[in-house]
Amino acid sequence: MPLSKLPLSLIISAICITPALLGCGGGSDGDTYTSHHSSPATPTPPKQTPPPKPSFTLEPSASIPKLKNNDSLAFKHTMAGEQALTTGIYKPKLVTLISDKNNCPSFGSVGCPSFDRIWLDANGQFNRDSWAYLPTDKSWVQLDAFHNLFRFSFGDFFSDGSEFSSKEFDPEEAQWSHSPSGFTAPYLNAARFKLSVADKNISDLLINPRKPATGNYGKGAVGYDINIGLAEGEYYYFEDTDSPALSYRQSSNDASTYKSLEAYRAAHTNKQSVVCAIEEGKNKGLVFNPSKLGATLYTLKNSSCSNEVDTNKPNKTIPEYIKLIDNRKVIVMPSLSFDSVANKSYYTVLTLNDNGVAAQGRGYQKGYGIKNSDFVNETAFIAWLKTFNNETSALVLPGKTR
């Protein structure tokens, strides 16, 4: 049954910040008069300090250090896993829905049982539907699948290392072709991604480790590991400094426009003009060397990208390299990485967008991948479902939709 025909809506909260409107001049009735005396002198505006001029030109680096542990994707692919993916596999989850009937507990620790179901069709494209079981109505209701299960990046523009694009790589929209070890999909001209799926026996595993009384999955229960990674080329994403999504950026945020990357660097060459190192963390800041490539990484005095350097904390020298992508200069910093999950298979990168505003991001390298191990077959999902509601109506799953 379509969601639009039900008295139910999935609430997505958004925080809207409305700036105060400041009135400046423009008098009201009675404010205008004619004077025979000389007008007072116009105040002299304060002098604006021009940004420092770059002392050198950023030239493309002869080579950029390769990252460790990124030679190959250690993905396992099985024919049983591939067959299950083409049939349909399930990701169990609990959701909280709010409606006029309050069918699910509102913002509690227990919600309605639900699932995401995915399958790869004969055309090599992902399909997905999402459903929740409403105990009051004793029925399944379809949900809008508003999130991406395999998202690689969040950004404003992207690249394969040879050109820029406003379109990111989206595994759920990619065209996957079959290969002996899984599936592959291209991105722009120079990048290619790999997908593998492997089955694993979970019959002896606890259905919910936090609730041992629920028991094991039982006979016929199968789980799946899905891996998606970069098999060829590079993949970059950049997030603009002035992006409204980055509301935590404070005074170290620089949303000014610059004519060149050199000018941007020159504006951040002392501790009073530190710039937030987003990919290292919100309590880290960069100061660029004014006369040669390289930067210093400082700890900031709070965790919200402040512009105050904590001089009591040690700093770190950061090597800096320059790469050209479609004639646009990109700063590459191999030694900065936000987490350890990637096995250092990405660079921290920085460039200017089309409007000359700084944008930070990552340059993923061959071997980087993401893994999702939360999918199971229908037998395992039914076993999970029984721990929440054992009604017959709940155990009859809805058919696949696109």
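Phe157 and Asn353 make their closest contact through CE2-CB, 3.6 Å (heavy atoms, listed as atom of the first residue, atom of the second, distance). Across Glu234 and Ala191, no two heavy atoms sit closer than the pair O-CB, 3.4 Å. Across all non-hydrogen atoms, the minimal contact from Asn289 to Phe56 is O-CE2, 4.2 Å. Taking every heavy atom of both residues into account, Asp254 and Tyr264 meet most closely at OD2-CE1, 3.9 Å. Across all non-hydrogen atoms, the minimal contact from Pro65 to Pro334 is CD-CG, 4.3 Å. Across every non-hydrogen atom of Asp225 and Ser373, the tightest pair is OD1-OG, 2.8 Å.
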Evaluate side-chain contact (heavy atoms from CB on, under 4.5 Å) for Tyr133 paired with Lys138, printing each intermediate quantity in order.
CA-CA 7 Å; Tyr133 181 76; Lys138 299 185 184 302; 3.6 Å; yes
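With salt bridges taken as basic N to acidic carboxylate O contacts below 4.0 Å, one links Lys93 and Asp116.
Here CG of Leu286 is found 12.5 Å from OG1 of Thr269. Values are rounded to the nearest 0.5 Å. One finds the OG atom of Ser114 at 10.0 Å from the CG atom of Leu385 (value rounded to the nearest 0.5 Å). Put simply, CG on Asp156 and CG on Asp240 are 4.0 Å apart, with the number rounded to the nearest 0.5 Å.
Residues Phe126 and Phe150 place their aromatic rings such that the two centres sit under 6.0 Å apart. Ring centroids of Trp131 and Tyr90 are separated by 6.0 Å or more, keeping the two rings apart. For Tyr187 and Phe158, the distance between ring centers is not under 6.0 angstrom.
Using a distance-only test at 3.5 Å, with no hydrogens or angles considered, no donor-acceptor pair links the side chain of Lys400 to the main chain of Gly88.
Side chains of Asp310 and Thr299: a donor-acceptor N/O pair is absent below 3.5 angstrom, by distance only.
By the neighbour-count criterion of 12 heavy atoms within 6.0 Å, atom NZ of Lys271 is sparsely surrounded, having that number or fewer from other residues, nucleotides or ligands.
Classified by interplanar angle (parallel below 30°, tilted 30° to 60°, perpendicular above 60°), the ring pair Tyr364/Tyr235 is parallel.
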